[in-house]
Protein chains: 2
Amino acid sequence: METINVAIVEDLEEIREALRVLINGSQGFSCTHVYADAEQALLELPNLKPDVALVDIHLPGLNGIECVQDLKDQMPATQFMMCTVYDDDDHIFDALKAGATGYILKRTSPAQILEAIRELHSGGSPMSSEVARRVINSIQKKHAPSEAVEILTQREKEILDYLALGFLYKEIADKLTISKETVKKHIHNIYEKLQVQTRTEALNKAFQR
Amino acid sequence: METINVAIVEDLEEIREALRVLINGSQGFSCTHVYADAEQALLELPNLKPDVALVDIHLPGLNGIECVQDLKDQMPATQFMMCTVYDDDDHIFDALKAGATGYILKRTSPAQILEAIRELHSGGSPMSSEVARRVINSIQKKHAPSEAVEILTQREKEILDYLALGFLYKEIADKLTISKETVKKHIHNIYEKLQVQTRTEALNKAFQR
DNA sequence: TCGAAAATCCCCCGAAAGGGTAATTGTCCC
DNA sequence: GGGACAATTACCCTTTCGGGGGATTTTCGA
């Protein structure tokens, strides 16, 4: 059974040392490198390529999310877990976009932290069910058609979909076997209802872009 | 401490009954309604409005995801947990889009199932770390700019971003303090590199739409 | 069955978009 | 220094887009 190499980026010495002691004191885990800020981590970590990196979001200077963003490019095999007090939507989503694959809160128990590291290393994405709910809410919000679309008629929605695919008026007309002028009229009505002037604006408003 | 009312939609009698017995035999849980197919559940559940519904994905006739989609509209307060043998990306994502907020695999232990129901009811989204990883991978894939964009120059990417926001050539020109003709040329080059003819096509290809 | 909403079509017109070509200025690299 | 490439500007041209107006038929619910 191999040892999981863990690096820590955390500005608060108390927490940083507690994590180091926890990890080094546990069978199968090793923590040889800890950093108090992102800048130092960015300098050294790319050469060390640890299996897992625990990164605090709130860091002085460059924050943890930007830190992960930079590091992930240079060491894609390393798994990053955000370790933070924040559990609001924005931070979670930004962290995931930056390349983090785990997200735990600081109040997580030591045993659970170790378990999370193990899961992260074996291909999972540990996160509390509250964090997961926030992620899911974001997905569901993104996939829900905006309310603006509701005021459109069935035909208008249909044409809007073709518009989203990049078809010309003429192509849409052919697909629906109606005249180009009718397509134009529908689109004109769509623009009026959505209060926009161009195709791209309409698509941005109709879907959440 | 209130009792959590749980409904079950599961076609295999063995599993269905095992879940019912598990839930009814546990303090704080109650399961009074079980269904072997989606059709029956759709008829009765909207009147019962249980706190939580465990729904199998693989059902005869209407599948569990379509079932949740229909039910979620009629009873938005009920929390739906998919309970399945599948853990592939498509099913997970479709289930979440349909309105499910939990996703557990059938091999989950009885104790963990109860814990998952409790978390689901208290506002969390229980899912195994493997399932969570798949969700996160989908998010990261969606947010990663497509490789196609990489062949664009910095200036071209910049203009592409403005294009995505729906600006006119003239507006982009003003923002970048360059001439409209230059903007046009850049966009022409972008289209060539992305092998498209229109703005919408370019945006669809550049981002994953 | 009456009327409103939706869907269909048409004309005019100016602005925007997109294709093609050519030329100038840098910068970076060999 | 020369070559490749990025960024810039300019001009040509055609098509498409979108706003304005008006008109007819279909549909569907009150």
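- At a threshold of 4.0 Å, the pair B:D174-B:K170 counts as salt-bridged, since one of the basic side-chain nitrogens sits closer than that to a carboxylate oxygen.
- Contacts with DNA chain C (heavy atom under 4.0 Å) in residues 183-190 of chain A: A:K184, A:K185, A:H186, listed by number.
- Between D:dT9 and B:T182, a contact under 4.0 Å exists linking OP1 or OP2 to a side-chain N or O.
- With a 6.0 Å cutoff to the six-membered ring centre and a 45° limit on the axis angle, B:K72 does not count as a cation-pi contact of B:F80.
- Side-chain atoms of B:S129 never come within 3.5 Å of backbone atoms of A:A116 as a donor-acceptor pair (strictly under, hydrogens ignored).
- Between B:K106 and B:D56 a salt bridge is recorded (basic side-chain N to carboxylate O distance below 4.0 Å).
- Using a distance-only test at 3.5 Å, with no hydrogens or angles considered, no donor-acceptor pair links the side chain of B:Y169 to the main chain of B:E181.
- Distance CD (B:E181) to C1' (C:dA17): 11 Å, rounded to an integer number of Å.
- At least one donor-acceptor pair under 3.5 Å links the side chain of B:Q140 to the backbone N or O of A:A100.
- Here B:S179 lies in heavy-atom contact (under 4.0 Å) with sugar-phosphate atoms only.
- Near DNA chain C, meaning a heavy atom under 4.0 Å from it, residues 191-205 of chain B has B:Y191, B:Q197, B:T198, B:R199 in order of number.
- Going from atom NZ of B:K180 over to atom P of D:dT9 covers 13 Å, rounded to whole Å.
- At a non-hydrogen distance threshold of 4.0 Å, B:T153, B:Q154, B:R155 from residues 146-177 of chain B come into contact with DNA chain D.
- A salt bridge is defined here as a Lys NZ or Arg NE, NH1 or NH2 lying under 4.0 Å from an Asp or Glu carboxylate O, and A:E130 with A:R133 fails to meet this definition.
- Residues A:H186 and A:T182 form a side-chain contact, since some pair of their non-hydrogen atoms from C-beta on lies under 4.5 Å apart.
- Here the two rings, on A:F93 and B:H143, have centers that are under 6.0 Å apart.
- To the nearest 0.5 Å, atoms CG (B:L120) and OG1 (B:T78) are separated by 10.0 Å.
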